[in-house]
Student: 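Take a look at this one; I'll ask things after.
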Amino acid sequence: MSRLVVVGVQWGDEGKGKMTDYLAQNSDVVVRYQGGNNAGHTITFKGQKYALQSIPSGIFNPTIKNVMANGMVINPKAVLEELRRLNDMGITDYRLFISDRASVVMPYHLALDGAYEGIKGSNMIGTTKKGIGPAYADKYNRIGIRIGDLLDRDYFALRLREALTVKNMELRMLGLDTFDFEPLFEEFIGYGQSLSSYICDTSVLLNDEVKNDSKILFEGAQGVMLCVEHGTYPFVTSSSPASVGVPIGTGIPPKYIDRALGICKAYNTRVGAGAFPTELDGDLADYIRNRGREFGTVTGRPRRVGFLDTVALRYACHISGIDSLAIMLFDVLSGVGELKICTHYELDGKRIDFVPSTVNAYSRCKPIYTDMPVWTEDISSCRTFDELPANAKAYLKKIEELTATPIDYVSVGPDRVQTIAVK
Ligand code: IMP
């Protein structure tokens, strides 16, 4: 299969970075198609930990083309800092391409992200405050700045003046500091110059790669349940991490997408607000949170944790046409005192098998569980399915049965080698 989409099928943080890095070894191109530096992809490589935010996970391999495609919202200052961090860690030989059509995250987007959250008070979304929502809003309101604009002084001046007219009005209304044209203009022209060697029409590049039958890996950020179209709206991000986001976010027609791999934790987590039917608290939650190091890569926030929810998982697989699953952080469940899988919800006294469209209804859903036998063995050095304890195998088989989707990979630790290829 030449063109594979790697999609998070929960609420993000499923371990996509590790799987993309693992699969990138057999890829010619790795592409980010949505989101921005709200993502945090942690990769452990040669014992060293790297937290990538905007840059695709193929960056460690000098032969792979890494593409930040048009569907992304890019904070150029943050990208330059990320490149500097990679440089400091000795990663200097890489191939990076940034779409001239990708949207730019401007400082006023960061200010507005924080302000909107403040206004929402107890209904706040719990965003990463990276300006993602306001940047996408401007894109669709047609007052966004695009990466290619930064390379043309006259055109960028026009675009920025137009944007600032609106944005400064908005900032003033919210009692926030406004932005002066001149320093902002020069700052972003500078970023454009620093990034100019990477900027191109990535849709042309990618369609050429398709023609050459290159192996392309599309790296989703966040997860399907955070999709602005299909997720638990409004507690979602502002883009479409589902595989349906690939064509629009890259300029590659849908007919060229061959396969979708769903990345799924062996349990569930969620950062930020919003309903979470299988959420746990107390010692059980602490056990999973601590063993899984469930603290946000971008914000450091402790993640909410819960039992695996296969109602949401079935829905996410369905939305994204998932062909097979990778079960991540499976080693975390060793020694857990109690283990359950959610098979259905109960909503207002009725057993249901779908994700309701409103958060109101979703927050009334109670999980219906099937109990699973636990295991105590450390499985982090297992390298084949057969080496796993019987109860661990039964857990995986149950996921396959409940999702009607085969499991291709099982991750039993952060390192690339701690991956079981099931087939
Ligand atoms: P935003 O993407 O910063 O606007 O945040 C919107 C929602 O998506 C919040 O609940 C965030 O916590 C969540 N979110 C955004 N990016 C990630 C991610 O990479 N992993 C997990 N949650 C995320």
Side-chain angles (χ1 to χ4, degrees), residues 8-19 40-42 44 49 51 126 222-226 232 262-313 316 325-343 345 365-382 388-389 391-399 402-403 407 409-415 418-420:
V9 281
Q10 294 163 313
W11 279 283
D13 307 316
E14 295 92 349
K16 294 177 293 292
K18 172 179 163 169
M19 272 325 285
H41 291 169
T42 310
T44 305
K49 245 186 175 186
Q222 294 85 44
V224 176
M225 297 308 284
L226 288 173
T232 46
I263 311 297
C264 177
K265 262 181 203 174
Y267 47 93
N268 268 91
T269 60
R270 181 161 199 177
V271 190
F276 182 2
T278 62
E279 184 167 11
L280 294 168
D281 57 17
D283 291 348
L284 202 50
D286 288 340
Y287 184 83
I288 296 174
R289 186 179 297 113
N290 291 331
R291 276 181 64 85
R293 291 176 289 277
E294 295 295 355
F295 300 88
T297 318
V298 176
T299 57
R301 291 179 289 182
R303 295 180 186 139
R304 301 158 68 195
V305 298
F307 284 130
L308 184 68
D309 178 346
T310 61
V311 183
L313 182 55
L325 291 167
I327 301 299
M328 311 304 290
L329 290 120
F330 195 39
D331 53 307
V332 170
L333 294 183
S334 289
V336 71
E338 195 185 347
L339 200 50
K340 294 171 189 283
I341 297 181
C342 169
T343 61
Y345 301 142
C365 285
K366 296 190 182 65
I368 298 174
Y369 287 119
T370 182
D371 289 323
M372 297 302 298
V374 297
W375 63 93
T376 51
E377 296 90 333
D378 175 11
I379 57 170
S380 59
S381 51
C382 293
L388 291 168
N391 289 350
K393 284 183 196 161
Y395 189 81
L396 296 173
K397 288 280 167 212
K398 194 72 183 173
I399 298 174
L402 289 169
T403 58
I407 294 172
Y409 302 97
V410 180
S411 173
V412 291
D415 207 279
Q418 293 174 296
T419 311
I420 298 173

Student: To the closest 0.5 Å, what do you measure between CG (Leu226) and CZ (Arg270)?
Tutor: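 So the gap between those two atoms works out to 6.0 Å.
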
Student: What verdict does the side chain to side chain contact (heavy atoms under 4.5 Å, CB included) test give for Cys264 and Ile407, after you've listed the backbone C-alpha separation in whole Å, the side-chain angles of each residue and the deciding distance to 0.1 Å?
Tutor: CA-CA 10 Å; Cys264 177; Ile407 294 172; over 6 Å; no

Student: Please check this pair: side chain of Lys265 against backbone of Asp13, looking for a donor-acceptor N/O pair closer than 3.5 Å.
Tutor: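 Answer holds: yes.
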
Student: Given side chains that start at C-beta, do those of Leu284 and Val336 come closer than 4.5 Å, heavy atoms only?
Tutor: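 Yes, at least one pair of side-chain atoms sits under 4.5 Å.
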
Student: Is the ring pair Trp375/Phe330 parallel, tilted or perpendicular, if the boundaries are 30 and 60 degrees?
Tutor: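 Tilted, since the angle between the ring planes falls between 30° and 60°.
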
Student: Check whether any side-chain N or O of Glu14 sits under 3.5 Å from a backbone N or O of Gly12 as a donor-acceptor pair, and report yes or no.
Tutor: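 Between the backbone of Gly12 and the side chain of Glu14 there is a qualifying donor-acceptor contact (under 3.5 Å).
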
Student: Just checking, any donor-acceptor pair under 3.5 angstrom between side chains of Lys18 and Thr419?
Tutor: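 Distance-only check passes for Lys18 and Thr419.
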
Student: Indicate yes or no for a side-chain donor-acceptor contact from Thr370 to the backbone of Ile341 under 3.5 Å, with no hydrogens or angles considered.
Tutor: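 No, because the side chain of Thr370 does not come within donor-acceptor range (under 3.5 Å) of the backbone of Ile341.
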
Student: Hey, could you give me each pair passing ring-ring contact (aromatic ring centres under 6.0 Å, His included) that has a residue in residues 268-288? Not counting sequence neighbours.
Tutor: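 ring-ring contact (aromatic ring centres under 6.0 Å, His included) check on residues 268-288 returns Trp11-Phe276.
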
Student: Looking at CD1 of Ile399 and CG of Leu313, how far apart are the two atoms once the value is rounded to the nearest 0.5 Å?
Tutor: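 So the gap between those two atoms works out to 7.5 Å.
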
Student: Tell me if a side-chain donor or acceptor on Arg291 pairs with a main-chain N or O of Leu333 at a distance below 3.5 Å.
Tutor: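 No; zero donor-acceptor contacts below 3.5 Å.
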
Student: Can you tell me how far apart CG (Asn268) and CD (Glu294) are? Round to the nearest 0.5 Å.
Tutor: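 Going from the CG atom of Asn268 to the CD atom of Glu294 covers 10.5 Å.
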
Student: Let me confirm one number: the CG-CZ distance from Asp283 to Arg289, rounded to the nearest 0.5 Å.
Tutor: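 Atom-to-atom, Asp283:CG and Arg289:CZ are 11.0 Å apart.
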
